[in-house]
Amino acid sequence: MTTLILSALPISTSTYPSLSKSSAKSPILPSISSLSLPSNRRKANPLASSLLGDPGPLSSPRAPTTPLYPRPSPRSTAVFFSLPTAKPERASTEKISRWSARAIKSFNMAELEARKLKYPNTGTEALLMGILVEGTSKAANFLRANGITLFKVREETVKLLGKSDLYFFSPEHPPLTEPAQRALDWAVDEKLKSGDDGEITTTHLLLGIWSEKDSAGHKILASLGFDDDKANELAKRANEDAVMNYK
């Protein structure tokens, strides 16, 4: 029924000029070129134009934006060859010796050994273990040659100071005990007194530990056969450590 009604409606040829009597039976669709698509350009808003200016077409290029993760600018890094001191006035002096790379590494290993044993501080016993853990210095070789090894020092440390609480966690950088700080300062003072150029080596550090008679490090060394004669022999080699450069 609907088909019959639609077919009876007249079709105007003015709407489609190309329609002829010969093609009246089959309707012709408009060409694609005659169709108009909506434009990307928005109509200017008078209010927005007077207040904010003309926003411009949607297809206009976007302004450059800052990247979400900008590349960091290169920075220069500096390495300071120093250890904690109780005498900060030394920093103002013109001539001051610096610690060798082996001594710096030995100190870092000492902090690690104190953390392994879960001790709250880095004592002279930890400084002694740090020298042996680093293991490449003249002082470490001298100790091993005289039968003083890391295992023996660690065992004597536990006997002397005991074990820490199972649930205690040492700080990331356990602070120095007073004897350990005095041992470091002794090493610096002895190097300055000698008047020799060069660095403060692990040998100076070991002799500084030995100079603290009441410290745990001194007692452990004495229990393992270290004495003043060996200390005097070691003192003659204090400046023999070669500088180790890290690349």
Side-chain angles (χ1 to χ4, degrees), residues 81-87 90 96-114 117 119 121-162 174-196 198-242 244:
F81 291 88
S82 62
L83 290 180
T85 178
K87 301 177 180 179
R90 285 203 190 103
I96 181 171
S97 299
R98 67 178 187 176
W99 289 89
S100 67
R102 285 189 174 94
I104 293 288
K105 186 176 180 181
S106 298
F107 179 81
N108 293 334
M109 293 300 102
E111 289 186 331
L112 182 60
E113 287 299 311
L117 294 174
Y119 286 165
N121 299 96
T122 302
T124 52
E125 74 288 342
L127 295 178
L128 179 58
M129 286 187 283
I131 294 174
L132 290 167
V133 171
E134 192 278 329
T136 64
S137 63
K138 296 289 184 181
N141 293 332
F142 185 85
L143 290 174
R144 286 195 298 267
N146 286 274
I148 302 175
T149 63
L150 175 62
F151 178 79
K152 292 180 179 179
V153 172
R154 190 178 289 153
E155 186 178 18
E156 291 296 324
T157 298
V158 174
K159 288 181 181 179
L160 182 63
L161 302 179
L176 290 169
T177 61
E178 291 186 4
Q181 184 63 76
R182 288 196 298 268
L184 294 180
D185 291 332
W186 184 94
V188 177
D189 290 338
E190 288 300 310
K191 179 64 179 179
L192 293 176
K193 288 178 183 177
S194 67
D196 298 330
E199 298 174 322
I200 309 168
T201 65
T202 50
T203 301
H204 294 99
L205 178 59
L206 179 58
L207 294 174
I209 297 171
W210 182 249
S211 68
E212 289 295 318
K213 302 297 182 182
D214 296 328
S215 67
H218 180 97
K219 294 176 182 179
I220 292 170
L221 285 171
S223 66
L224 296 175
F226 196 88
D227 53 21
D228 289 335
D229 292 336
K230 290 184 173 61
N232 292 330
E233 181 182 353
L234 186 61
K236 298 176 183 178
R237 310 178 184 181
N239 297 317
E240 292 182 4
D241 263 348
M244 179 173 60

Side chain proximity check, [X] to [Y], heavy atoms < 4.5 angstrom:
{"X": "Leu206", "Y": "Leu143", "result": "yes"}
{"X": "Glu212", "Y": "Trp186", "result": "no"}
{"X": "Leu160", "Y": "Glu125", "result": "no"}
{"X": "Ile220", "Y": "Ile148", "result": "no"}
{"X": "Thr149", "Y": "Leu132", "result": "no"}

Pair Thr157-Glu113, side-chain contact (heavy atoms from CB on, under 4.5 Å): steps then yes or no | CA-CA 11 Å; Thr157 298; Glu113 287 299 311; over 6 Å; no
With sequence neighbours excluded, what pairs up with Glu155 under the salt bridge (charged side-chain N to carboxylate O under 4.0 Å, His left out) test?
->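 In terms of salt bridge (charged side-chain N to carboxylate O under 4.0 Å, His left out), with neighbours along the sequence ignored, Glu155 is linked to no residue.
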Contact summary for [X] and [Y], nearest pair of heavy atoms:
{"X": "Pro179", "Y": "Ser215", "answer": "CB-CB, 3.9 Å"}
{"X": "Ile209", "Y": "His218", "answer": "O-CB, 4.0 Å"}
{"X": "Asn121", "Y": "Leu176", "answer": "ND2-O, 4.4 Å"}
{"X": "Trp99", "Y": "Leu184", "answer": "CZ2-O, 3.7 Å"}
{"X": "Thr202", "Y": "Ile131", "answer": "O-CD1, 4.0 Å"}
{"X": "Ala110", "Y": "Ala126", "answer": "CB-O, 3.1 Å"}

Side chains of Glu199 and Thr201, donor plus acceptor under 3.5 Å | no
Can you run down the side-chain hydrogen bond (donor to acceptor under 3.5 Å, both in side chains) pairs that involve residues 223-232, sequence neighbours left out, and say none if there aren't any?
-> Trp210-Asp228
Please check if the side chain of Arg144 supplies one atom and the backbone of Gly135 the other of a donor-acceptor pair under 3.5 Å.
->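 Pair found, side chain donor or acceptor close to backbone of Gly135.
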Is a side-chain N or O of Lys152 found less than 3.5 angstrom from the main chain of Gly147, in a donor-acceptor match?
->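 Indeed, once roles are kept as given, a pair shorter than 3.5 Å links the two residues.
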